[in-house]
Amino acid sequence: KPKSEENGAKREGDGDKTEDDDKEDKAAQSLLNKLIRSNLVNTTNQVEVLQRDPNSPLYSVKSFEELRLKPQLLQGVYAMGFNRPSKIQENALPMMLAEPPQNLIAQSQSGTGKTAAFVLAMLSHVDPSNKWPQCLCVSPTYELALQTGKVIEQMGQFYPEVKLMYAIRGNKLEKGLKLQEQIVIGTPGTVLDWCQKLKFIDPKKIKVFVLDEADVMIATQGHLDQSLRIQRMLPKSCQMLLFSATFEESVWNFAKRIVPDPNVIKLKREEETLDTIKQYYVVCNCKEEKFQALCNIYGAITIAQAMVFCHTRKTAGWLAGELSKEGHQVALLSGEMQVEQRAAVIDRFRNGKEKVLVTTNVCARGIDVEQVSVVINFDLPVDKDGNPDNETYLHRIGRTGRFGKRGLAINMVDSKFSMNILNRIQDHFDKKIERLDTDDLDEIE
Ligand code: ADP
């Protein structure tokens with residue numbers, strides 16, 4: 001029996017994955033999220049706060065004024081368009097700005113205001129009349145460090161006495177130099193060298209240590225070790241802050257080694273649900289038929305914007321080409337593109353410049369394009385063993401709680417294999433996926 005060419009294909013990017021690839025994926029994903037994120041992520045979940053001293057009162061603030069920030073910083077906050085603290089900031093900011101300083105481990109998904117929070121804490125604790133490094137921030141990659149640096153520059157725009165230095169590979173300084181910048185941000189290897197071997201920084205004078213993206217950091221053993229070595233050089237009195245988007249056991253174990261006596265703040269991810277989604281499947285025999293079905297769907301219903309997921313780069317490229325030939329404005333998101341290029345494509349799509357976004361699984365993992373009303377699985381998501389990838393399925397088409405609009409998902413089935421995958425996905429979520437006849441599409445609109 002003819003087997004669809006996709007079924008046997010290796011999942012893009014997977015296969016013989018090394019630790020470094022995995023870390024790169026995570027770092028790229030995180031960077032992509034930062035580049036495309038222009039607002040706070042909405043959430044209805046409550047933060048969980050675990051205080052080191054459960055008897056001390058729990059402070060939370062509803063306004064930035066209550067924090068008694070330096071006027072230059074308050075001005076910076078407002079210039080960035082922030083009106084009130086985000087959910088995580090309500091609790092994290094008073095803790096981080098308290099006297100004496102408190103240690104903090106904070107976990108919440110990307111886009112919830114962690115970076116803005118620790119940047120504000122660093123800027124608040126700096127004494128600009130002291131010309132030496134006082135705040136140290138480590139990030140997993142050069143690009144992520146730069147992104148955080150940008151936030152420091154923006155928030156500190158009315159506080160020009162505070163200077164920033166990047167401790168990243170390639171930034172070569174003269175031997176024997178002592179840094180005068182009050183904030184240093186960099187990657188663990190270079191920061192460690194600058195503290196230990198090259199002595200550009202006196203670690204004993206650091207007042208605030210921030211470890212960002214802990215989950216990405218620990219994906220590399222080297223980074224994990226370097227971070228611990230940096231931490232051990234810092235004085236006991238140094239405030240330790242650690243942030244992570246996810247919190248598996250391994251992150252937690254690492255966090256406890258970096259941050260002694262921590263307060264802990266957690267904000268659960270909004271659960272995704274299929275409740276507001278109409279799910280259908282279409283039966284075809286080959287990818288050409290799937291393409292035809294896709295065109296029929298397009299002709300029959302008014303689609304604001306759609307995302308189409310393919311299994312391989314090859315299919316995605318082919319499909320994007322075919323759709324263009326039919327006169328559709330198509331954006332293509334593909335694995336070989338740089339993160340910045342991907343962000344630009346997503347941005348154009350967001351702004352409505354293109355109506356269809358064709359992408360591969362790996363590329364689109366973890367990105368949220370909220371206004372997309374139709375998701376088409378040109379290929380169903382399967383893991384590298386050929387089993388249904390339920391998590392990816394849910395993430396592609398699911399909506400988060402009350403914020404999600406109603407949506408439509410259409411799955412293309414082209415073999416016994418993919419029919420079996422579809423049935424297993426249907427069973428897993430216990431939600432009916434209805435058959436759709438693309439020659440008679442009256443029922444879906
Ligand atoms: P995270 O570090 O958790 O990914 P960020 O601090 O980068 O989150 O914040 C995500 C987005 O929300 C950024 O665009 C940031 O400028 C914005 N943001 C952060 N805090 C606030 C706030 N209090 N009010 C409005 N926007 C905010």
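Nothing fancy with the numbering, it's 1 onward along the sequence. Remember, it's 1-based here, ligands and their atoms both numbered in the order they're listed. Worth knowing before you read on, the calculation uses all heavy atoms, side chains too, and leaves out hydrogens, waters and symmetry mates.
The aromatic rings of Phe118 and Phe243 sit tilted, their planes meeting at an angle between 30° and 60°. Between Tyr78 and Phe64, the two ring planes are perpendicular [angle over 60°; tilted spans 30° to 60°].
Protein heavy atom closest to atom 8 (O) of ligand 1, with residue, atom name and distance, is Gly113 N, 2.9 Å. At the top of the distance list for atom 11 (C) of ligand 1, counting protein heavy atoms only, stands Asn39 O, 3.6 Å. Nearest protein heavy-atom neighbour of atom 6 (O) of ligand 1: Ala116 N, 2.9 Å. In this structure, the protein non-hydrogen atom closest to atom 4 (O) of ligand 1 is Gly111 N, 2.7 Å. The protein heavy atom nearest to atom 2 (O) of ligand 1 is Thr115 OG1, 2.5 Å.
Within 6.0 Å of atom NZ in Lys278, 12 or fewer heavy atoms from other residues, nucleotides or ligands are found, so the atom counts as exposed in its surroundings.
The shortest N or O to N or O distance between Arg84 and ligand 1 is under 3.5 Å. Distances between N or O atoms of Ser108 and those of ligand 1 include no value under 3.5 Å.
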Query raised in the report: Should Glu248 and Thr246 be marked as a side chain to side chain donor-acceptor pair (under 3.5 Å) after you check the CA-CA gap, both sets of side-chain angles, and the distance that decides it?
Result: CA-CA 6 Å; Glu248 348 23 306; Thr246 60; 2.8 Å; yes
Requested in this report: Would you check, one step at a time, whether the test side-chain contact (heavy atoms from CB on, under 4.5 Å) holds for Lys70 with Gln75?
Outcome: CA-CA 9 Å; Lys70 293 195 176 77; Gln75 208 184 344; over 6 Å; no
Report task. Quick one: do Thr112 and Gln109 satisfy side chain to side chain donor-acceptor pair (under 3.5 Å)? Show the steps, please. Result -> CA-CA 6 Å; Thr112 46; Gln109 77 190 79; over 6 Å; no
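Taking a cut-off of under 4.0 Å to the non-hydrogen atoms of Ser86, the atoms of ligand 1 that pass are 23 (N). Near Lys114, with a cut-off below 4.0 Å to any heavy atom, the atoms of ligand 1 are 1 (P), 2 (O), 3 (O), 6 (O), 8 (O). For ligand 1, the atoms sitting less than 4.0 Å from at least one non-hydrogen atom of Thr112 are 1 (P), 3 (O), 8 (O), numbered in the order shown with element in parentheses. Counting the atoms of ligand 1 from 1 in the order shown, those under 4.0 Å from a heavy atom of Ser110 are 4 (O).
Across Met80, Gln154, Gln89, heavy-atom proximity to atom 20 (N) of ligand 1 is greatest for Gln89. Relative to atom 22 (C) of ligand 1, the option among Phe64, Phe82, Phe243, Phe118 with the closest non-hydrogen atom is Phe82.
When each of His428, Arg424, His395 is checked for a side chain to side chain donor-acceptor pair (under 3.5 Å) with Asn390, only His428 meets the rule.
The structure places OH of Tyr159 at 16.0 Å from CD of Glu153, a figure rounded to the nearest 0.5 Å. Distance check, rounded to the nearest 0.5 Å: CD1 of Ile376 to SG of Cys310 gives 10.0 Å.
For atom 13 (C) of ligand 1, the nearest protein heavy atom lies 4.0 Å or farther away.
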